[in-house]
Amino acid sequence: MTLPIVFAVMAAGAVGGCLGSLLGLGGGVFLVPFLNVALGLDFKVAAAVSLMTVIATSSAVSAGTAGRQLINLRLGMLLEIASTAGGLTLGVLVEHMSDALLNRMFAVVTAAIAVLMLTRLERRNVLGADVDPGPLGGRFYDDESGRHVAYRVRRLPVALVASLLAGGVSGALGIGGGILKVPILNAWCGVPMRAAAATSALMIGVTAVSSVPIQYARGYVIPPVAAAAVLGVLLGSRAGFWFGGRARAKWLKLLMAMVLGSVSVLYFVRGMR
Amino acid sequence: MNDAEISRLEGHLGRLLLGGVLTAAASLALGLAIWLTGALPAVSNVLLTAGLMVLMATPILRVVVSMIEYVRMRDWFFVATTLVVLIVLFVTIAVAVMNAHRRV
């Protein structure tokens with residue numbers, strides 16, 4: 001590996017980090033295909049390196065949003081039981097699963113969520129600030145409407161199953177798993193888009209840590225590649241965080257649906273090989 | 001748990017995450033720079049490994065700090081919740097250590 005490759009990995013990380021912090025995805029959705037297809041690294045190496053950047057994105061984005069009450073700490077911690085259990089299970093099992101099978105499953109899931117996002121563009125999920133948000137709900141200052149808003153969490157079992165699946169995807173495919181949680185929390189569980197993204201961004205770090213030490217011990221994390229990717233992602237997520245407060249929820253959802261659609265097509269093609 | 005307590009906990013966690021990620025980034029940047037020069041491979045190896053270790057340890061510490069805060073608030077439901085997450089992470093590390101030994 002040479003200087004140009006280090007910079008290529010860093011640049012890919014920066015693009016992934018920027019989109020990741022905008023969408024609460026973690027950025028791995030872009031980094032895994034780049035490392036795997038463009039640089040020709042083994043899929044499991046690409047996934048393990050990507051998980052390292054997921055941790056970095058999580059810590060950096062959450063440090064930025066902490067104090068604005070967007071992160072729902074209680075809901076996040078409860079869902080982390082499911083997401084870490086999923087991450088650990090698939091982190092152990094992934095050795096015995098074929099890449100083609102995982103790619104096809106992932107393509108189906110991302111396509112379904114993209115459609116879901118497109119059908120829910122106008123939903124806001126926010127109530128007046130005087131509403132009791134219940135034990136798991138929250139309140140925050142909404143930049144878009146310029147007032148304090150509250151929300152209640154509905155269908156907790158759905159959120160737990162989504163987190164378990166997201167954890168499994170994180171452990172098997174090296175992406176953050178926010179790609180699964182954020183749309184489901186938003187569309188079915190009553191959590192506003194920005195609170196769902198902030199809570200998911202916090203969760204993906206600890207979820208990645210439920211599987212990445214196993215990949216690290218297996219020798220899949222190549223230190224200089226991981227370092228370049230992590231540094232690129234950190235620079236990119238700064239940019240994404242800056243844009244994030246300014247982008248409208250509707251456009252955020254539309255962008256997310258487009259990203260999911262592209263990822264789905266890529267994984268269908270890869271799964272058919 | 002009232003709004004002031006939530007803000008205090010969020011502040012603690014925010015500083016912890018920022019400190020962890022900045023420490024990791026500094027170590028990784030220095031390690032990568034030295035690695036690119038080709039000199040001192042042992043030094044770059046230590047810095048890169050330390051950076052990745054700090055990166056992985058930060059979210060675990062976040063859960064530990066959350067648990068301490070929930071104990072202080074006597075919020076036993078969330079003490080139990082954080083404890084379960086820590087047990088899962090402990091199993092992960094145990095599996096990783098077993099894998100590392102098998103590889104050698």
> So, do A/Leu202 and B/Leu17 sit near enough that their side-chain heavy atoms are less than 4.5 Å apart?
Replying inline: yes
> Side chain, backbone, both or neither: which part of B/Ala24 has an atom under 4.5 Å from a heavy atom of chain A?
Replying inline: neither
> How many angstroms lie between CG in A/Leu88 and OG1 in B/Thr92, if you round to the nearest 0.5 Å?
Replying inline: 4.0 Å
> With a 4.5 Å heavy-atom cut-off, do B/Leu36 and A/Val6 have their side chains touching?
Replying inline: yes
> Given that the side chain runs from C-beta out, which part of A/Val230 has a heavy atom under 4.5 Å from chain B: side chain, backbone, both or neither?
Replying inline: side chain
>> Using every non-hydrogen atom in the two residues, find where B/Asp75 and A/Arg74 come nearest and quote the distance to one decimal.
In response: OD2-NH2, 2.6 Å
> Which is it for A/Met77 and B/Val84 under the side-chain contact (heavy atoms from CB on, under 4.5 Å) test, yes or no, and what are the steps along the way?
Replying inline: CA-CA 10 Å; A/Met77 191 59 77; B/Val84 174; over 6 Å; no
> Looking only at heavy atoms, which two atoms of B/Asn99 and A/Ala217 are closest? And how far apart?
Replying inline: CB-CB, 3.9 Å
>> Which atoms of B/Leu89 are under 4.5 Å from chain A, going by heavy atoms: the side chain, the backbone, both sets, or neither?
In response: side chain
>> Need one label for A/Leu231: side chain, backbone, both or neither, based on atoms under 4.5 Å from any heavy atom in chain B.
In response: side chain
> Given that the side chain runs from C-beta out, which part of B/Ser66 has a heavy atom under 4.5 Å from chain A: side chain, backbone, both or neither?
Replying inline: side chain
> Side chain, backbone, both or neither: which part of A/Leu234 has an atom under 4.5 Å from a heavy atom of chain B?
Replying inline: side chain
> Applying a criterion of heavy atom separation less than 4.5 Å, what residues of residues 39-48 of chain B form contacts with chain A?
Replying inline: B/Leu48
> chain B: which of A/Ser58, A/Ala227, A/Ser62 shares the most heavy-atom pairs with it under 4.5 Å?
Replying inline: A/Ala227
> Under the salt bridge (charged side-chain N to carboxylate O under 4.0 Å, His left out) test, which residues partner B/Arg72, sequence neighbours left out?
Replying inline: B/Glu69
>> For a side-chain contact (heavy atoms from CB on, under 4.5 Å) check, start with the C-alpha distance between B/Phe77 and A/Leu78, then their side-chain angles and the critical distance, and finish with the verdict.
In response: CA-CA 10 Å; B/Phe77 179 76; A/Leu78 197 57; 4.0 Å; yes
> Which pair of non-hydrogen atoms, one from B/Ala96 and one from A/Pro213, has the smallest distance, and what is that distance?
Replying inline: CB-O, 3.3 Å
>> Applying side-chain contact (heavy atoms from CB on, under 4.5 Å) to B/Ile60 and A/Val206, what does each step give before you reach the verdict?
In response: CA-CA 7 Å; B/Ile60 301 174; A/Val206 81; 5.6 Å; no
> Who among A/Pro223, A/Ala82, A/Ala208 has the most heavy-atom pairs with chain B under 4.5 Å?
Replying inline: A/Pro223
> With sequence neighbours left out, what residues match B/Phe78 under ring pair (Phe, Tyr, Trp, His ring centres under 6.0 Å)?
Replying inline: B/Tyr70
> Can you name the nearest heavy-atom pair linking A/Ala63 to B/Gly14, along with the distance?
Replying inline: CB-O, 3.5 Å
> Which value, rounded to the nearest 0.5 Å, describes the distance between B/Thr82 atom OG1 and A/Leu73 atom CG?
Replying inline: 11.5 Å
> Heavy atoms under 4.5 Å from chain A: which residues of residues 52-59 of chain B carry them?
Replying inline: B/Leu52, B/Met53, B/Leu55, B/Met56, B/Thr58, B/Pro59
> What is the minimum heavy-atom distance between A/Ser59 and B/Val21, and which atoms define it?
Replying inline: CB-CB, 3.9 Å
> Heavy-atom distance under 4.5 Å to chain A: side chain of B/Arg15, backbone, both or neither?
Replying inline: neither
> If you count heavy-atom pairs under 4.5 Å with chain A, which of B/Ala29, B/Gly11, B/Gly51, B/Gly31 comes out on top?
Replying inline: B/Ala29
>> Are A/Val209 and B/Arg62 packed together at the side-chain level, in the sense that at least one heavy-atom pair is separated by less than 4.5 angstrom?
In response: no
> What part of A/Ser83 is in contact with chain B, defined as an atom under 4.5 angstrom from a non-hydrogen atom: side chain, backbone, both or neither?
Replying inline: neither
